[in-house]
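Note that the structure is a prediction, hence the values are computed from the model and not measured. Chain letters run A, B, ... following the sequence lines, proteins first and then strands; every chain starts at 1.
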Amino acid sequence: MPSMSANNFSRNSHQHHPNQTKGDFFARKQKIEQQRKNLPIAAVERRLVEEVRNNDTLIIVGETGSGKTTQIPQYLFKGGFCRDGGIIGITQPRRVAAITVAKRVSEECGVPLGQKVGYAIRFEDVTSGLTKIKYMTDGLLLREALLDPYLSKYSVIIVDEAHERTIHTDVLLGLLKNVQKARSKCISEAVNTDHNNSNNGHASEGRIDNQNDGILKPCQAKKYHPLKLIIMSASLDARVFSEYFGGARAVHVQGRQFPVDIFYTHKPETDCIDAALITIFQIHLEEGPGDILVFLTGQEEIESVERLIHERLRQLPECNRKLLTFPIYSSLPSEKQMKVFMPSPAGYRKVILATNIAETSVTIPGIKYVVDPGLVKARTYDPKMGVDSLIIVTTSKAQALQRSGRAGREGPGKCYRLYQESFFEKLTDSTLPEIKRCDLSNVVLQLKALGIDDVINFDFIEKPDRTAIVNSLWSLYLLGAVTEENKLSDVGYQMAKLPLDPVYSKALIVASQFGCLKEMLICVAMLSVESIFYAPREKLEESRNALKSFASPDGDHLTLLNVYRAADEFFQKNKTVNSEEKAEKNLRKWCKDNYINSRSLKHARDIHSQILRNVEQMGLRVTSCEDDMLLFRRCLAASFFLKAAMKQPDGVYRVTLSGLIVQIHPSSVLFRAKPECIIFNELVHTNHSYVRNVSRIDYLWLIELAPHLYALQD
DNA sequence: GAGCACTGC
């Protein structure tokens, strides 16, 4: 993703130009030095390094624009924290942030990316033996912990953007707390006792034992340095982190943000879309130059606001029509997303209609005005029913603040909140942490693989609901990952090694026994990505026809398989006559012609090659069932038996385990066919309860292949 | 015949 820039970073992410002259190079170097010196954080460099030296855990609250993400690792490097061979790891919740920040820091250090400074994200490791400052995603560090439970190569770990409280950040914090304790225990033991523990810690190498106070097993102390932990957060909720880490010291670093005037409405608004439109035109007609960013809840709302803006523009005199609209949301194809970054033609004003993708993930330059209706489409999870819901709720105060901040990145700005000030006061301080609103099977499996058996009593910074954990344990038990004694089974340990939803990991193991692993690898890779099909409103008919050429009467799983195979065949054929690069480009064109989201397909292909490598390493045999689709569907039933449904006389479906009444989602190829018995992968509640990714099966297969659940029923 | 915010391994 070329010109997307990460949070906190849009003003100074220039690229190193390959053919610049020596003079340019020195001028540029000097400029970078100047910029670094001017950062608010530069004034407290020595104090910060001292704080880290004196405190094993430090909370740093740094406002936007303080430079904490780029500077602190460099200060610590200079301060000698890598001297014993340890490295500094910095985690980010998002991939783009890890990449762009690493690029900037390597440039500031005047070294090529991947040497002293590098980054690692899924599918991409730009580090080497020389790397001392390593930026990475938090999910990746969690994975590393599975291979190296003591995270022994790190002398410092910085968890950045901790206030976002992603599920990975929360689990990581718990893990790091354990690792830190264990590593300092090792060292104190080594000092206090004559270390005759040379045969310790080998039997369970690769697993953490937390039977004693949630601490790792004693280890060979010489191997480990104490671990310095830094939690960086943008908001003022340092207290939560500080309390969690036993009253850890918290320091505050000034930021640099231009002032943003906040406006509220005088009366409550009943029609948000209308209020947004009025505000947009008010800004357009009365305010000075500068682009407008409008936060909306979803694709549909964005499309209708866009339509209404164009309608109203036509009613304005010619001279007032210089307003351009740009939608941006995650399922929009990249080339359309990129358009928001193009500067507007002279005299024109841009209106960017965005979901909360523009809140943190994407920074759009030129924004001076923010319109915030105060709503967001949020995902919640009901662990009892296994239902995801997507509902529109009010934002938190922190979110509102984050949104208004988007107006003050390049100069003073204005933010129009489409609600009353008294309403703002009633908003919750921050958004509910993700760990409280999603399926936990993966988290539970990962923790168990790390040797943390008592997940219910794990020291989470925020405890998930007990029922959520219990239900995850139950489904892991039904998948054979956990034994009746609540211990991880061998199958469970294998499943934990795969970077997939546990149900999908299990499907690969089942498929290897059925002899259709080749097909299941594709199927699981496709199920793991979002929206493979792209259906723009204006070309609904064409996109539907395109889908027909891939559709299988047996369901969405085989349809996805057909799409992947068609794409792969096209790509392989192309590669015999073209360069890899050209073939990739042609594949993107092929996707466009077939109304397939090329970004999603690329992602599926990446996942496919990664999990193919994984299963080969695990020693599974990758065989194909060729054209025996009956066998493959039986394998789907044997894998996804937890989510099956039967047709009712009135045409709706009843989920076998929960009794929930659902419908097949209209995007499914089985929407009209309505077979008697189905398995599905996703249950989402929007206006109705819908199941997605559905395949036709025979109920008798469930009795045969999942007798532990189905043989007892009537 | 409906429609899905965002991340991540």
Side-chain angles (χ1 to χ4, degrees), chain A residues 6-7 91-98 120-124 136-147 161 164-172 295-304 328-332 354-362 375-380 388-393 395 399 402 431 434-435 437-438 442-443 445-446 449 495-502 504-505 525 528-537 540 543-544 597 600 603 606-607 610-611 614 651 663-668 671-672 674 682-693:
Chain A
N7 193 12
T91 71
Q92 296 289 327
R94 280 171 296 279
R95 302 161 54 112
V96 259
I121 56 176
R122 187 183 189 180
F123 311 129
E124 228 183 310
M136 67 199 125
T137 47
D138 43 16
L140 192 101
L141 188 61
L142 272 179
R143 281 276 146 196
E144 275 189 17
L146 276 179
L147 302 170
E161 313 285 6
E164 289 191 24
R165 301 296 301 277
T166 68
I167 192 160
H168 286 153
T169 297
D170 273 23
V171 175
L172 197 56
F295 284 99
L296 298 167
T297 57
Q299 180 178 349
E300 202 177 78
E301 207 174 278
I302 287 173
E303 281 170 353
S304 61
I328 184 164
Y329 46 89
S330 79
S331 64
L332 194 72
T355 59
N356 48 349
I357 191 172
E359 216 170 84
T360 48
S361 308
V362 162
L375 298 172
V376 64
K377 192 175 281 182
R379 197 182 196 111
T380 53
D388 273 315
S389 294
L390 281 162
I391 43 168
I392 293 168
V393 296
T395 61
Q399 248 177 321
Q402 175 70 24
T431 316
E434 197 185 359
I435 201 159
R437 48 186 176 89
C438 68
N442 213 358
V443 168
L445 185 68
Q446 296 297 314
M495 284 165 62
K497 285 190 207 158
L498 292 160
L500 291 169
D501 183 297
Y504 296 159
S505 303
S528 299
V529 303
E530 300 276 311
S531 51
I532 275 285
F533 299 105
Y534 173 61
R537 185 179 285 256
L540 218 55
S543 61
R544 239 173 249 167
N597 186 329
S600 300
H603 193 194
D606 284 340
I607 293 174
Q610 186 187 33
I611 58 182
N614 289 151
Q663 297 175 34
I664 296 181
H665 194 276
S667 65
S668 169
F671 177 67
R672 281 170 198 285
K674 289 196 168 47
E682 225 182 317
L683 204 172
V684 184
H685 183 89
T686 51
N687 288 332
H688 292 103
S689 286
Y690 288 109
V691 291
R692 296 176 65 228
N693 292 326

request  = Taking the side chain as every heavy atom from C-beta outward, state whether A/Phe123 and A/Asp606 have any atom pair closer than 4.5 Å.
outcome  = yes

key: Closest listed nucleotide, where the reference is the side chain of A/Arg379 and the choices are B/dC9, B/dT7, B/dA5   = B/dA5

query = Counting any heavy atom closer than 4.0 Å, what does A/Thr166 reach on the DNA or RNA strands: base, sugar-phosphate only, or nothing?
reply = nothing

ask   = Using a cut-off of 4.0 Å on non-hydrogen atoms, how would the nucleic acid contact of A/Asp138 be classed: base, sugar-phosphate, or nothing?
value = nothing

key: From B/dG8, B/dA2, B/dG3, nucleotide with atom closest to A/Arg544 side chain   = B/dA2

message = Which residues pass the side-chain hydrogen bond (donor to acceptor under 3.5 Å, both in side chains) test with A/Arg379, not counting sequence neighbours?
response = A/Asp388

ask   = Taking atom C1' of B/dG1 as reference, at what distance in whole Å does atom CD1 of A/Ile664 sit?
value = 13 Å

request  = Could you tell me whether A/Ile392 contacts a base, only the sugar-phosphate backbone, or nothing, with contacts defined as non-hydrogen atoms closer than 4.0 Å?
outcome  = nothing

ask   = Contact class for A/Ser531 (heavy atom, under 4.0 Å): base, sugar-phosphate, or nothing?
value = nothing

ask   = Which residues satisfy the side chain to side chain contact (heavy atoms under 4.5 Å, CB included) test with A/Glu434, sequence neighbours excluded?
value = A/Thr166, A/Ile167, A/Arg437, A/Cys438

task = Give one of base, sugar-phosphate or nothing for A/Arg165, where a contact means two heavy atoms less than 4.0 Å apart.
result = nothing

query = If you look at every strand shown and take non-hydrogen atoms under 4.0 Å, does A/Gln299 touch a base, only sugar-phosphate, or nothing?
reply = sugar-phosphate

ask   = Do A/Arg95 and B/dG8 have a side chain to base donor-acceptor pair shorter than 3.5 Å?
value = no

